Amino acid sequence: MQPNQSLSLKIVDKVAEREGVQPEELNPPIHSAINTDALDSLYDARDSERNPSTIEFAYNGYTVTVDSRGDVDLENRVAALDPEKTVV
């Protein structure tokens, strides 16, 4: 990841890496899952005090979680929805 890379591009890069493809090969594009301009502006480095605690959304078979620092975690949605993994 490049130092000044937007959060949405960071997410695309992580998903593409996980899938073993180039970012431009991902289908559907990330903007079909979330408003990337809004996401990027929420995590604007100039105003990090406004960052939400967590954002979670589905994209390309993954649950994408972004924490307050802008760190991205990917979880396979099939695993996330597996009833055997549900903690009671």
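What's counted below: heavy atoms across the whole structure, side chains too, no hydrogens, waters or symmetry copies. Computed from a predicted structure; not experimentally measured.
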Is there a side-chain contact between [X] and [Y] (heavy atoms, below 4.5 Å)?
| X | Y | result |
| --- | --- | --- |
| Val66 | Thr54 | no |
| Glu56 | Thr63 | yes |
| Val12 | Glu24 | no |
| Thr65 | Glu75 | no |

(message) Under a 3.5 Å cutoff, is there a donor and acceptor pairing between the side chains of Ser8 and Asp40?
(response)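 Their side chains do contain a donor-acceptor pair, which is all the 3.5 Å distance test asks for.
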(message) Can you list everything that forms a side-chain contact (heavy atoms from CB on, under 4.5 Å) with Asp71? Sequence neighbours excluded, please.
(response) Lys10, Asp67, Arg69
(message) Same cluster or not: Leu9 versus Val21, using hydrophobic residues (I, L, V, M, F, W, Y) connected whenever any side-chain heavy atoms lie under 4.5 Å apart?
(response) no
(message) Under the criterion side chain to side chain contact (heavy atoms under 4.5 Å, CB included), I'd like the reasoning laid out for Asp13 against Gln5: C-alpha separation, chi angles, the key distance, then a yes or no.
(response) CA-CA 10 Å; Asp13 285 347; Gln5 186 179 35; 2.6 Å; yes
(message) Please determine whether the number of non-hydrogen atoms from other residues, nucleotides or ligands lying under 6.0 Å from atom CD of Glu17 exceeds 12.
(response)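 Result for CD/Glu17: open.
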(message) If we ignore hydrogens and angles and just use 3.5 Å, is the side chain of Lys14 paired with the main-chain N or O of Val72 as donor and acceptor?
(response)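 Confirmed, Lys14 side chain pairs with Val72 backbone.
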In Å and rounded to the nearest 0.5 Å, what is the [atom1] to [atom2] distance from [X] to [Y]?
| X | Y | atom1 | atom2 | answer |
| --- | --- | --- | --- | --- |
| Ser68 | Ile55 | OG | CD1 | 10.5 Å |
| Tyr59 | Ile11 | OH | CD1 | 9.5 Å |
| Phe57 | Leu39 | CZ | CG | 5.5 Å |

Which atoms form the tightest heavy-atom contact between [X] and [Y], and what is the distance?
| X | Y | answer |
| --- | --- | --- |
| Arg18 | Tyr62 | CG-OH, 3.0 Å |
| Asn60 | Pro28 | OD1-CD, 3.9 Å |
| Ala58 | Ala33 | O-CB, 3.3 Å |

(message) Please determine whether side chain to side chain contact (heavy atoms under 4.5 Å, CB included) holds for the pair Leu74 and Val15, giving the CA-CA distance in whole Å, both sets of side-chain angles, and the decisive distance to 0.1 Å.
(response) CA-CA 8 Å; Leu74 299 178; Val15 172; 3.9 Å; yes
